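Just below is one structure, and these are the notes that go with it.
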There are 2 protein chains.
Amino acid sequence: MDSVKRNHRATIRDVARLAGVSAQTVSRVLNNHPDVSEQTRLRVQRAIAELRYRPNALARSLIKQASGVIGVVASGFHFYGPAQLLTGIERQATELGWQLMLQVATAPEDYDRIATALIAQQVEGVIWAYPELSSERERWFHQQLRPHAPIIFLSMEAGPDEVVLSVDNRLGARLAVEHLINRGRRRIGLISGPLSLWSAQQRRLGWEDALAAAGLPHTERQVVQGDWSAESGCRGLHTLLQQYPEMDAVFVSNDQMALGVLHAAHRLGLGVPKDLSVVGFDDMPESACFVPALTTVHHDLFALGQLAVREIDRVIRARRAGQPVTITSLMLQPYLVVRESS
Amino acid sequence: MDSVKRNHRATIRDVARLAGVSAQTVSRVLNNHPDVSEQTRLRVQRAIAELRYRPNALARSLIKQASGVIGVVASGFHFYGPAQLLTGIERQATELGWQLMLQVATAPEDYDRIATALIAQQVEGVIWAYPELSSERERWFHQQLRPHAPIIFLSMEAGPDEVVLSVDNRLGARLAVEHLINRGRRRIGLISGPLSLWSAQQRRLGWEDALAAAGLPHTERQVVQGDWSAESGCRGLHTLLQQYPEMDAVFVSNDQMALGVLHAAHRLGLGVPKDLSVVGFDDMPESACFVPALTTVHHDLFALGQLAVREIDRVIRARRAGQPVTITSLMLQPYLVVRESS
DNA sequence: AAAAGTCCCGTGAACGTTAACAGCTTAGCA
DNA sequence: TGCTAAGCTGTTAACGTTCACGGGACTTTT
């Protein structure tokens, strides 16, 4: 008798049958089209409720040629910066009604898998927040992803025809190091992040800028490369003190590594800031609670994430409407927060 | 002449036409079906490459009645625990070939929006990692989400017919407090997380367990509620010292708040562990670098996330095959890591 | 030499929704 | 009275893929 299969989700046709109307009319009710009489609308809504009908976004995407999904390529959740970025992206995306398809990259080898997945899922735009620095990147993206969906890159080198939103890492680093110089420090070390990443490289350049502007030397023995983790900051300080024993201040490329530096200094009996000044980068909320409280560079990655979504949203809407858009690259300005460690 | 629209993605039919075969044959090549001659396979693959054809996962999902997507409901990226969980989930999901549709909940008011979105996107399973403690939860889920997709809950109270994977927070807290008691401390305070969350409540119960087992009192003045942030730990210690001045040790419900406690103690001139022992919960990598290094409870949320994906994968596969599955709730055992702060 | 099996390939329908169009009714107007 | 417009509803086709089925060519078996 009952031709509806058990355990089968109700479709728009089931609703139509129950309400005694056509599928098209149900569709009109679902999409708030005006051309439906109040009486029919109510009947349809009752049928929807009774059958617990839920629209199928996949079918809708297929016919509409618009999935309502944007892809996000992130580098993980471990560190403060990426996490803040994701938070901003997520917040703005749900506010504008976009769904997020999340992809985590750990190395350039993941690019192919990620691009394939995003294209298959018909994402309408991509926010690429894996800040790798590679010469092949541009060629690759143009071939693969770009023909299918617009991309906005975050925190990387701007190439031609690419839109990149970022924080001015170089400026931030310069501010940090200038501050150390103003406090009378002259022998300033650097614990950098992985130099394959644009942000790490920019922060290093900012450190060089400040030293050069003050006529101070910057040599390889003043630099150690970490991996953003506290533990690497800890090791970094030990190595740095061996390479560069006369150091009286250190600029650390993120707050988590700076925490390791504070720890190591404490262990070694070095007073901060008396014997060694320390400045970090990120201004995580925890940094105010370090012992001693950390001087650091503040940047608003939450805002950057939000902005990225708003921009991709603009591009996508314009595309749908067949209008041309221009969005341009942009850099947010960071600033220094002075606390006890300098 | 050329009937293919400009800017239009190639479809399986375009490939078929170019290769001189039917769409079905192209489909067979794409899905590695055996019944294709080597010669045809090559012709099709050449056509795919030439047209830069990419399969449309939405169309495939629609006909296959299987989206290959699982929904993840998270509480954000700010704190160590949730971030670890997400990392484990993401890693295992890509390993098993699942796509992730990410939803962030900040309050129970978000449930409706999130469930609607996940159902619309035809997720085949849901990992619910927003650890809220609410009596209405069960009723709600049975009505809404359960009929559409299996759910695994993480870190919450197990109800009937619900599968919950979690860490034994209560045990972890008991271990921490027993350790403090073994070190001779008798007046042990608690800085808890938001008590609307199951994990925070469990940790509080573990603290009570240990005190009760040792015949020690536990009163309201020994407790302060924080919000997981370092800053709230800082404030928490101040409040707690006012309410409970004779305190000689404190169990802090997560490491980030413990950082705030260490900071506040340092500011107040309290020696840790001499005047005040501190034990945290989480064992974030940074905790080993706190000043002093933090004694804390280690739990493996990465493994928990992986496990959750493996279990939902099992359930989904069984469902597809029409087989019954039983998965059962489970608790991972945490352990104590003793460092300098106790 | 017929029957059966294997290999390879194509046809038509279906998944759940919406776009485009057509058609019917009623109202308004000259 | 006839004409136009407005309001509401239904029909058909389409989105891009796969499933179920059928069938031809060739090989093997009896």
Side-chain angles (χ1 to χ4, degrees), chain A residues 3-5 7-44 47-48 51-69 119-124 148 320, chain B residues 3-5 7-44 47-48 51-69 119-124 148 320:
Chain A
S3 75
V4 175
K5 298 180 213 158
N7 282 339
H8 199 272
R9 298 183 183 183
T11 73
I12 205 171
R13 267 188 267 269
D14 298 325
V15 175
R17 199 175 315 134
L18 180 60
V21 297
S22 73
Q24 181 61 217
T25 298
V26 178
S27 173
R28 279 191 269 255
V29 172
L30 289 173
N31 295 286
N32 289 317
H33 276 261
D35 287 353
V36 182
S37 73
E38 202 49 39
Q39 193 192 3
T40 318
R41 183 184 306 278
L42 283 173
R43 260 215 325 283
V44 169
I48 288 173
L51 294 176
R52 290 214 155 78
Y53 165 77
R54 304 289 199 132
N56 183 330
L58 266 40
R60 178 179 290 169
S61 302
L62 193 59
I63 185 74
K64 284 212 162 179
Q65 298 287 72
S67 64
V69 177
I119 293 170
Q121 296 291 331
Q122 311 293 110
V123 297
E124 295 188 67
H148 293 91
R320 284 183 187 164
Chain B
S3 75
V4 175
K5 300 178 212 160
N7 282 337
H8 199 269
R9 298 182 182 185
T11 73
I12 205 171
R13 267 186 268 268
D14 297 324
V15 175
R17 200 175 314 135
L18 180 60
V21 297
S22 72
Q24 181 60 216
T25 298
V26 177
S27 172
R28 278 191 269 256
V29 171
L30 289 172
N31 296 283
N32 288 318
H33 276 261
D35 288 353
V36 181
S37 74
E38 203 49 38
Q39 193 192 2
T40 319
R41 183 185 306 278
L42 283 175
R43 261 213 327 281
V44 170
I48 288 174
L51 294 176
R52 290 215 156 81
Y53 166 77
R54 303 289 199 134
N56 182 328
L58 299 182
R60 179 179 286 169
S61 302
L62 193 58
I63 184 73
K64 284 211 163 182
Q65 299 286 74
S67 64
V69 177
I119 293 170
Q121 296 292 332
Q122 311 293 111
V123 297
E124 295 189 67
H148 293 91
R320 284 182 186 165

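Below, read A as the first sequence line, B as the second, and so on, with proteins coming before strands; counting in each chain starts at 1. Note that the coordinates shown come from a computational prediction; the quantities given were computed from them, not determined experimentally. Values reported hereafter were calculated over all heavy atoms of this structure, with side chains retained and with hydrogens, waters and symmetry mates removed.
- Taking atom CG of residue A:L42 and atom C1' of nucleotide D:dC8, one finds them 15 Å apart after rounding to whole Å.
- The side chain of A:I63 sits closest to D:dA14 out of D:dA14, C:dC9, C:dG10.
- Side-chain N/O atoms of A:Q65 and B:R9 include no donor and acceptor closer than 3.5 Å.
- Between the CZ atom of B:R28 and the C1' atom of C:dC8 there is a distance of 8 Å, rounded to whole Å.
- Taking the side chain of B:N56 as heavy atoms from C-beta on, and the options D:dT17, D:dT18, C:dG16, the nearest nucleotide is D:dT17.
- At least one donor-acceptor pair closer than 3.5 Å links the side chain of B:E124 to the backbone N or O of B:G68.
- As a whole-Å value, the separation of B:N31 CG from D:dA20 P is 14 Å.
- Side-chain atoms of B:N31 do not come within 3.5 Å of backbone N or O of B:R28 as any donor-acceptor pair.
- For A:R43 (side chain) and A:A19 (main-chain N/O), a donor-acceptor pair under 3.5 Å exists by modelled atom type.
- B:Q121 places its CD atom 16 Å from the P atom of C:dG16, with the value rounded to the nearest Å.
- Residue-level contact check: A:D35 touches the bases, meaning some heavy atom is under 4.0 Å from a base atom.
- Side-chain atoms of B:R9 stay outside donor-acceptor range of the base of D:dG16, with no qualifying N/O pair under 3.5 Å.
- The distance from atom CG of B:L58 to atom P of D:dT17 is 10 Å, rounded to the nearest whole Å.
- Atom CG in B:D14 sits about 10 Å away from atom C1' in D:dG16, given to the nearest Å.
- Checking the phosphate oxygens (OP1, OP2) of C:dG16, a side-chain nitrogen or oxygen of B:Q65 falls inside 4.0 Å.
- Side-chain nitrogen and oxygen atoms of A:S37 include none within less than 4.0 Å of the OP1 or OP2 phosphate oxygen of D:dC8.
- Of the side-chain N and O atoms in A:S22, one or more sit less than 4.0 angstrom from OP1 or OP2 of D:dG10.
- The distance between atom NE2 of B:H33 and atom C1' of C:dG10, rounded to the nearest whole Å, is 15 Å.
- At whole-Å resolution of the value, CD in A:E38 and P in D:dC8 are 9 Å apart.
- Side-chain N/O atoms of B:T40 include one lying less than 4.0 angstrom from OP1 or OP2 on C:dC9.
- Of the two residues near DNA chain C, B:L62 and B:G20, the one whose nearest nucleotide lies more 5' is B:G20.
- Comparing atom distances between the A:T25 side chain and each of D:dC19, C:dT18, D:dT9 picks out D:dT9 as nearest.
- Looking at which nucleotide of DNA chain C each of B:R13 and A:L30 is closest to, the 5′-most match is held by B:R13.
- Residues B:I12 and A:V21 both approach DNA chain D. Their nearest nucleotides, taken by heavy-atom distance, put A:V21 toward the 5′ side.
- Distance alone, capped at 3.5 Å, is enough to place a donor-acceptor pair between the B:S61 side chain and the B:A57 backbone.
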